[in-house]
*Asks:* 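After the C-alpha cells below, expect a handful of questions from me.
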Amino acid sequence: MEEDKIEKIKQGFWPKVKKVAGKVPFLADVIALYYAMLDPSTPLKAKLTIAGALAYFLTPFDAIPDILFGAGYIDDAGVVAAVLAAASMYVKEEHKKKAADFLDSNPEGTLEN
C-alpha cells in the first residue's frame, strides 16, 4: 500500500519537473527530496512523509492552485520547506548534489530524467 503511493509519485514526478523548470525557485529542493525518497537507506516513515509533500507538489489543485501565475507555488514552497526541516537528516548531500547536477545538466525546457 505505501509502495503504491511512492510509485504514483515516481510516475508523475519528471513530467511535472519538466513543466515547472525555470518557474519554481525551490525545484532543487523538490528534486533532492525525490532522491531522498528513492534512497534505500531512508526509513519508510520518512519516505512517506516526503511522498506526501511531493504528492502535494504534483497536484495542480491545492490550497493555492498552481495555475495562478506567481502565487500558485507559495503553498507548495511551504510544504516543501516543512518537510525539508522534518526530514533533513535523510536528505543527504549526495541527494542535493544529484539535484543540482541534474538541473545544471538540463537547460530549461530540455529536462530529461
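Please read all numbers here as calculations on a predicted model, not as lab measurements.
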*Asks:* Taking all non-hydrogen atoms of both residues, which atom of Ile6 and which atom of Ala51 are closest, and how far apart?
*Replies:*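 Closest approach of Ile6 to Ala51, heavy atoms only: CG1-CB, 4.3 Å.
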
*Asks:* For Phe26 and Leu84, what are the C-alpha separation, side-chain angles and deciding distance, and is it a side-chain contact (heavy atoms from CB on, under 4.5 Å)?
*Replies:* CA-CA 11 Å; Phe26 56 93; Leu84 272 174; over 6 Å; no

*Asks:* According to the salt bridge (Lys or Arg N to Asp or Glu O under 4.0 Å) rule, which pairs have a member within residues 43-56, sequence neighbours left out?
*Replies:* none

*Asks:* List the atom of Ala28, the atom of Ala99, and the distance in Å for their closest heavy-atom pair.
*Replies:*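 What the structure gives for the nearest pair is O-CB, 3.4 Å.
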
*Asks:* What do the steps show when you test Tyr56 against Val80 for side-chain contact (heavy atoms from CB on, under 4.5 Å), and what is the final call?
*Replies:* CA-CA 9 Å; Tyr56 191 86; Val80 168; over 6 Å; no

*Asks:* Who pairs with Glu7 by side chain to side chain donor-acceptor pair (under 3.5 Å), at least two apart in sequence or on another chain?
*Replies:* Lys10

*Asks:* Please tabulate, for the side chains in residues 32-43, all donor-acceptor contacts under 3.5 angstrom to protein atoms that are two or more places apart in sequence or on a different chain.
*Replies:*
residue	atom	partner	partner atom	Å
Asp39	OD1	Ser41	N	2.8
Asp39	OD1	Ser41	OG	2.8
Asp39	OD2	Ser41	OG	3.4
Asp39	OD2	Lys92	NZ	3.3
Asp39	OD2	His95	NE2	2.8
Ser41	OG	Lys92	NZ	2.6
Thr42	OG1	Ala36	O	2.7

*Asks:* Among all residues two or more places apart in sequence or in another chain, which pass the side-chain contact (heavy atoms from CB on, under 4.5 Å) test with Val20?
*Replies:*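 Residues passing side-chain contact (heavy atoms from CB on, under 4.5 Å) with Val20: Lys16, Val24, Leu27, Phe57, Tyr73.
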
*Asks:* Might you point out which heavy atoms bring Gly12 and Leu58 nearest each other, and give the distance in Å?
*Replies:* O-CD2, 3.5 Å

*Asks:* Rounded to the nearest 0.5 Å, what separation is found between the NZ atom of Lys5 and the CG atom of Leu54?
*Replies:*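 Reported value, rounded in 0.5 Å steps: 13.5 Å.
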
*Asks:* According to a 4.5 Å side-chain heavy-atom criterion applied to Ile, Leu, Val, Met, Phe, Trp and Tyr, with indirect links allowed, do Tyr90 and Leu44 form part of one hydrophobic cluster?
*Replies:*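 Hydrophobic grouping puts Tyr90 apart from Leu44.
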
*Asks:* Can you name the salt bridge (charged side-chain N to carboxylate O under 4.0 Å, His left out) partners of Lys96, sequence neighbours left out?
*Replies:* Glu93

